[in-house]
Every structure is written in C-alpha cells, then in structure tokens.
Amino acid sequence: MYPTTIRLSFMILYFVLPAGECHAQDTLWWKKEERLRWEDFQGFPDTTEVFEALTYAGISFSYSYSGNSFTFKAATYFNRAKSWRLPIADSGKLRHEQLHFDITEIFTRRLMVRLGQLKPEKASVQQTISALLKDVLAEKDRFQHYYDQETHYGTRPAEQKKWEKRVADILQTD
C-alpha cells in the first residue's frame, strides 16, 4: 500500500516533499542494500482499511534556477511514523511493502532522468517541473496499482515473486 503528494493524493501513501521537510527520526532513505523491517512501521494501524500494512513512501525533491543554471536533487524516503501494519501481517506482506518502496525508487530515478533532459525557461520553470512531476507520479501510480492488482496486495506468492524479479531487474538497469 502507498500514497502521493505534490499536493496530489493517491491511495497508497506516497508524497513529494521539498527537500528538508523529512524528519530524521521518522525517515529512512532508500538504499539498495537495506530492506524494510516490521520495526520500521511505527504508525497506528487504520483498522477501517482492508489492508494489513501501509507503506508511506515518497520523493524528497528540490531544485534551483539561477541565471541559466538549473540544478535539482531527488531521493526516495520511507516515513516510519506514517507507515503501519497489523499484527497479522507476515513476512510475505513485508516483501510486498518493500516493493512499494522499491517502485518509488524506480520513479525517483525516472524523474531524475527526465529532469536532466529539461532546458526550462526561467519564466516557466515551476510550471514545467509541476507538469513533469504530475506525469511521473501518474506513471508511478499506474505501476503501483498494476502491481497491487497482479499480486492481489501480495496474497499471490507466484505473482509476488515475478514482481520481485521484475523490480530487481529494473533497479539493476536504471
């Protein structure tokens, strides 16, 4: 499960935050060699949801435009305080939630590539970046939704395994 903001919302908590708005004690930054643990899910479960866990992951993003110089940074994060799990969630569900975090990283990388291709005009830089972010987030949302549908939220082990390989392959080549 995941969500979204560039002040856009999406069912699975995923947000784009300006760099610096992540609180260190609540934030894990995506690293290839580090995996989520159930201890990282410190939020209060929403017992009205049908899900066993919710991953609150997003992109921390900042940019500057000075003269003709356009620079930017983006990184994938996981918010411990807003991510939660029910006690019944098992290790298979944890692998499913990890992939939501990994998929967020895929789209952070795609955002970086597309930002690197921009040659924005100073007068329209904010509009250009907002449109690009909206496009990338829409692609990410479709990908996340398809992932949940194919794996039925991680309850289909064979499909989950296929997605784990697919995401690992994408992360390897991006």
By side-chain contact (heavy atoms from CB on, under 4.5 Å) - contacts of [X] (at least two apart):
X	result
Glu164	Arg95, Leu99, Gln160, Lys161
Gln149	His145, Tyr153
Arg35	Trp30, Gln98, Asp102

Would you check if the distance from the ring center of Phe51 to the ring center of Trp84 is below 6.0 Å?
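No - the distance between ring centres of Phe51 and Trp84 does not fall below the 6.0 Å cut-off.
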
Closest approach of [X] and [Y], non-hydrogen atoms and distance?
X	Y	answer
Pro45	Arg85	CG-O, 3.3 Å
Thr104	Gln144	OG1-NE2, 3.6 Å
Ser83	Tyr56	OG-N, 2.9 Å
Ala74	Met112	CB-SD, 3.4 Å
Thr71	Ser69	CG2-OG, 3.9 Å

In terms of ring plane angle, is the pair His96 and Tyr147 parallel, tilted or perpendicular, where the classes change at 30° and 60°?
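Rings of His96 and Tyr147: parallel, under 30°.
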
What orientation do Tyr63 and Phe70 show, parallel under 30°, tilted 30 to 60°, or perpendicular over 60°?
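Plane angle between 30° and 60°, so tilted.
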
Gap between atom [atom2] of [Y] and atom [atom1] of [X] - 0.5 Å precision:
X	Y	atom1	atom2	value
Leu132	Leu137	CG	CG	9.0 Å
Thr76	Ile106	OG1	CD1	9.5 Å
Asp148	Thr155	CG	OG1	10.0 Å
Leu115	Leu133	CG	CG	6.5 Å
Leu86	Phe41	CG	CZ	11.5 Å
Leu28	Phe101	CG	CZ	6.0 Å

Using a 3.5 Å cut-off and no angle test, enumerate the donor-acceptor pairs between side-chain atoms of residues 117-129 and protein atoms at least two apart in sequence or in another chain.
{"residue": "Thr128", "atom": "OG1", "partner": "Ser124", "partner atom": "O", "Å": "2.9"}

Without swapping roles, check the side chain of Thr151 against the backbone of Arg156 for a donor-acceptor pair under 3.5 Å.
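Pair absent, no side-chain N/O of Thr151 close to backbone of Arg156.
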
According to a 4.5 Å side-chain heavy-atom criterion applied to Ile, Leu, Val, Met, Phe, Trp and Tyr, with indirect links allowed, do Trp38 and Phe44 form part of one hydrophobic cluster?
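No; tracing contacts between hydrophobic side chains, which count when under 4.5 Å, never links both residues.
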
Within the structure provided, determine whether Ile59 and Lys140 are in side-chain contact (heavy-atom separation under 4.5 Å).
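No, too far: nothing below the 4.5 Å cut-off.
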
Taking the side chain as every heavy atom from C-beta outward, state whether His100 and Leu36 have any pair of such atoms under 4.5 Å apart.
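No; the side chains remain at least 4.5 Å from each other.
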
[X] bridged to [Y] by N-O distance under 4.0 Å:
X	Y	value
Arg166	Asp169	no
Arg114	Glu139	yes
Asp26	Arg80	no

Please list, chain by chain and in numerical order, all residues satisfying salt bridge (Lys or Arg N to Asp or Glu O under 4.0 Å) with Lys31, sequence neighbours excluded.
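By the salt bridge (Lys or Arg N to Asp or Glu O under 4.0 Å) rule, Lys31 matches Glu34.
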
Apply salt bridge (Lys or Arg N to Asp or Glu O under 4.0 Å) to Arg109 and list each qualifying residue two or more places apart in sequence or on a separate chain.
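For Arg109 the salt bridge (Lys or Arg N to Asp or Glu O under 4.0 Å) partners, ignoring immediate neighbours, are Glu105.
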
